[in-house]
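Sharing a structure, written as structure tokens. Questions coming.
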Amino acid sequence: MEVGMHTDSKSRAETGAESGPRGPGCSLRHFACEQNLLSRPDGSASFMQGVAEKSREQLIRNTCEAVVLGALHPRTSITVVLQVISDAGSLLACCLNAACMALVDAGVPMRALFCGVTCALDADGTLVLDPTAKQEKEARAVLTFALDSVERKLLMSTTKGLYSDAELQQCLAAAQTASQHVFRFYRESLQRRYSKS
Amino acid sequence: FNTCFRTVEPLEYYRRFLKENCRPDGRELGEFRTTTVNIGSISTADGSALVKLGNTTVICGVKAEFAAPPTDAPDKGYVVPNVDLPPLCSSKFRSGPPGEEAQVASQFIADVIENSQIIQKEDLCISPGKLAWVLYCDLICLDYDGNILDACTFALLAALKNVQLPEVTINEETALAEVNLKKKNYLNIRTHPVATSFAVFDDTLLIVDPTGEEEHLATGTLTIVMDEEGKLCCLHKPGGSGLTGAKLQDCMSRAVTRHKEVKKLMDEVIKSMKPK
């Protein structure tokens with residue numbers, strides 16, 4: 001089920017980047033990214049992909065803590081502020097992607113990049129990557145993973161619903177393949193930004 | 001000398017034990033601490049259980065009250081969990097509003113209840129649209145020595161198995177609820193979710209059931225909640241070092257064994273309580 005959702009082409013700045021149309025084998029929605037939007041903070045990024053609850057904050061914070069080389073900056077506090085502009089499903093994954101891009105934009109030394117991928121399992125066991133809000137609601141289980149860029153290891157996982165061990169492995173494998181697209185997009189987006197300036 | 005070394009270089013101290021595939025308290029890497037459970041100790045609660053995992057002690061009390069069912073689901077009741085980590089259980093908690101760890105634990109227990117469907121919320125409805133039960137599950141930690149999530153999940157499960165709800169009928173004429181305290185029924189517990197927690201050391205080693213000190217030294221944690229059919233209700237990994245798919249598989253098999261251990265323990269305790 002394809003959902004076209006990119007509508008802000010007019011407001012996109014030159015430094016922004018967009019991913020191409022959904023190629024065969026990739027079922028992630030279209031995504032776009034802009035960096036250095038805000039002048040005040042050290043780094044900023046907006047990640048648009050097709051809670052400020054404590055537990056979500058804890059998940060994002062712990063994922064960032066695992067990759068940021070904190071030992072190089074003692075007595076320093078790194079604050080990551082995430083503002084949800086709109087939620088069309090896969091919110092936590094989008095937050096993770098935005099956090100990673102913002103840390104890169106700020107020049108914080110990291111041991112790896114990370115990305116968030118959401119999988120939904122519907123009633124008959126079909127896997128849907130990057131589900132929309134409607135698909136998430138109707139799914140039997142929704143699994144969100146954060147994967148690192150070096151060895152695609154699992155950094156963070158949070159799940160909702162019931163699923164079997166085999167389904168978990170299947171989702172993890174699909175998420176690892178999908179993460180390649182996200183990392184490639186990071187690379188292109190950064191290349192475009194630095195080549196223009 | 002040993003105690004000095006432990007205080008000054010706790011990580012090195014631990015690494016020496018881990019190299020020999022054991023831990024300072026004598027356990028193997030895949031071994032749980034002694035688990036004890038005491039059901040029905042609080043007489044003022046509708047259901048209660050006390051679980052001890054080594055030194056970690058959690059008590060769960062369930063109180064049932066009446067409430068109007070939610071407007072978008074008039075045939076459902078509520079299950080409201082709350083995890084409290086008071087200053088008495090550990091020096092790292094201050095008195096005041098619940099800290100982050102308590103909130104995350106409460107959210108975790110709420111997710112386990114929701115995902116595992118341990119109780120069908122429709123069973124809690126007395127009269128659709130008018131009256132339903134709300135079960136307040138209060139989990140209080142009395143002693144914090146790591147692995148709070150496993151202890152809370154077990155305490156919740158045991159307490160819910162102990163809950164007896166009186167029969168309620170709605171009087172047609174007065175439209176009031178009449179409670180028959182003499183006739184009580186146990187809750188219909190549909191699944192038995194059991195949590196197994198692991199700590200990741202140095203990005204590679206996985207140890208089961210971490211103590212407070214081990215949790216502090218660990219580089220990541222992982223909690224798996226599994227029911228009796230091997231279905232997963234929750235895979236909670238809040239950041240920390242990365243894990244490969246193969247390591248995850250090992251954790252799954254350990255979780256399956258743990259589920260059998262816990263189920264056996266709980267069945268024994270319930271059986272020993274039955275004759276009244």
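Each chain gets a letter, A, B and so on, in the order its sequence line appears, and its residues count up from 1.
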To the nearest 0.5 Å, atom CG of A:Asp165 lies from atom CE of B:Met252 at 5.0 Å
Quick check on B:Glu229 against chain A: is it the side chain, the backbone, both or neither that has a heavy atom closer than 4.5 Å?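 Neither part; nothing is under 4.5 Å.
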Choice from A:Leu168, A:Thr63, A:Thr158, A:Leu154 maximising heavy atom contacts with chain B below 4.5 Å: A:Leu154
Return yes when atom NE2 of B:His216 has more than 12 non-hydrogen atoms of other residues, nucleotides or ligands closer than 6.0 Å, and no otherwise. no
Is B:Arg15 atom CZ crowded by more than 12 heavy atoms from other residues, nucleotides or ligands, each under 6.0 Å away? yes
Quick one: does A:Thr159's side chain have a donor or acceptor within less than 3.5 Å of a partner on B:Leu235's backbone? yes
Does any heavy atom of chain B fall under 4.5 Å from the side chain of A:Gln169, the backbone, both, or neither of them? side chain
Roughly how far, to the nearest 0.5 Å, is NE2 of B:His236 from OG of A:Ser55?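 A:Ser55 atom OG to B:His236 atom NE2 measures 7.5 Å (nearest 0.5 Å).
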Atom pair CD (B:Gln103) and CD (A:Gln58), whose distance is rounded to the nearest 0.5 Å: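 It is 10.5 Å, given to the nearest 0.5 Å.
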Which atoms of A:Arg152 come close to chain B, meaning under 4.5 Å heavy atom to heavy atom: side chain ones, backbone ones, both, or neither?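 Neither part, no heavy atoms under 4.5 Å.
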After noting the C-alpha distance and the side-chain angles of B:Val104 and A:Leu59, does the key distance pass the side-chain contact (heavy atoms from CB on, under 4.5 Å) rule? CA-CA 10 Å; B:Val104 167; A:Leu59 295 172; over 6 Å; no
I need the residue from B:Glu100, B:Lys247, B:Gln107 with the largest number of non-hydrogen atom pairs under 4.5 Å to chain A.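 Of the options given, most contacts go to B:Glu100.
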Taking every non-hydrogen atom, the tightest pair across A:Leu162 and B:Asn115: CG-O, 3.4 Å
Heavy-atom pair of closest approach, residues A:Ala66 and B:Ser241: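 Closest approach of A:Ala66 to B:Ser241: CB-N, 4.4 Å.
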Inter-residue atom distance B:Leu243.CG - A:Ser157.OG, 0.5 Å rounding: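 Answer rounded to 0.5 Å: 9.5 Å.
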